[in-house]
Amino acid sequence: MSIWLGDFFPNFECDTTEGRLRLHDYWGNGWGMLFSHPADFTPVCTTELGALAALIPEFTKRNVKCIALSCDPVESHKEWIKDIQAYNDISTFDYPIISDPERDYVIKLGILDPAEKDRIGLAQTGRAVFIVGPDKCLKASFLYPGTTGRNFNEILRVIDSLQLAACKKVATPANWKNGEECMVLASVSNEDAAMMFPQHVVKDIPSGKKYIRLTPQP
Ligand code: BEZ
């Protein structure tokens, strides 16, 4: 990826299924999620865009606006949405899909997959996810190959973790699920931890170092 954690996310103007827009204006003051897929009218992508369409209320609850991207033209995206809705049995489709026929944005974002070629031999886009904070800086990203469909519940789980770290000063451990125990951030002093997380416990471990501080999810 050529976009690193903490980088200011590129703000481009683009054509989408909901008209021409500027990415940061579309995201507004909240969080944003951009996800790319290799091509329209492909089977795994059809399941992914449908899975996200069904979960849009969960993203909205978290103040996250979603946008998809594939290189195909807007007219193709619009035709394909009908298949996505039929296949996934959904009546809504409440997010735009960007078109990038010249591959301007996918090259800038560094998300082409050289292993996957289209009919005329051009590299296709990988399955990238970018989660961007209200400051428009990158908070998390994943990049999968075309053959691996993403888990959109995992993306929600990551967003829950990012928002807890940003607002509540806790981190989330391996395999954490929303509502489970969290860990006080190392940047919080013991004095502040006592005030901010009165129920936290410090785990006894062989090193004697007191760095594992567990708290109910704030
Ligand atoms: C698919 O969406 O089915 C797909 C796209 C590119 C490579 C492999 C699978």
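Atoms within each ligand, like the ligands themselves, are counted from 1 in listed order.
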**Fill in**
The answer for which part of Cys45 has a heavy atom under 4.0 Å from ligand 1 is both

**Prompt:** For Gln199, does the CD atom have more than 12 heavy-atom neighbours from other residues, nucleotides or ligands under 6.0 Å away?
**Reply:** no

**Message:** Considering non-hydrogen atoms of the protein only, which is the closest contact for atom 5 (C) of ligand 1, and what is the distance?
**Reply:** Arg127 NH2, 3.6 Å

**Message:** For Arg157 and Asn151, which I'm curious about, is there any donor-acceptor pair between the side chains at under 3.5 Å?
**Reply:** no

**Prompt:** Which ligand 1 atoms are under 4.0 Å away from a heavy-atom of Glu116?
**Reply:** 7 (C)

**Complete:** Short version for Lys117: what comes under 4.0 Å of ligand 1, heavy atoms counted, is neither

**Asked** Less than 6.0 Å separating the ring centroids of Phe59 and Trp31?
**Response** no

**Complete:** among protein heavy atoms, the one nearest atom 3 (O) of ligand 1 is Val44 N, 2.8 Å

**Asked** Do any N/O atoms on Thr42 end up under 3.5 angstrom from N/O atoms on ligand 1?
**Response** yes

**Request:** Please find out if less than 6.0 Å separates the ring center of Phe152 from that of Phe35.
**Result:** yes

**Asked** Which protein non-hydrogen atom lies closest to atom 9 (C) of ligand 1, naming both residue and atom, and how far is it?
**Response** Gly146 O, 3.5 Å

**Request:** Name the orientation class of the two ring planes belonging to Phe197 and His200 (parallel below 30°, tilted from 30 to 60°, perpendicular beyond 60°).
**Result:** perpendicular

**Request:** Check whether the side chains of His77 and Asp72 place a donor and an acceptor atom closer than 3.5 Å, and report yes or no.
**Result:** no

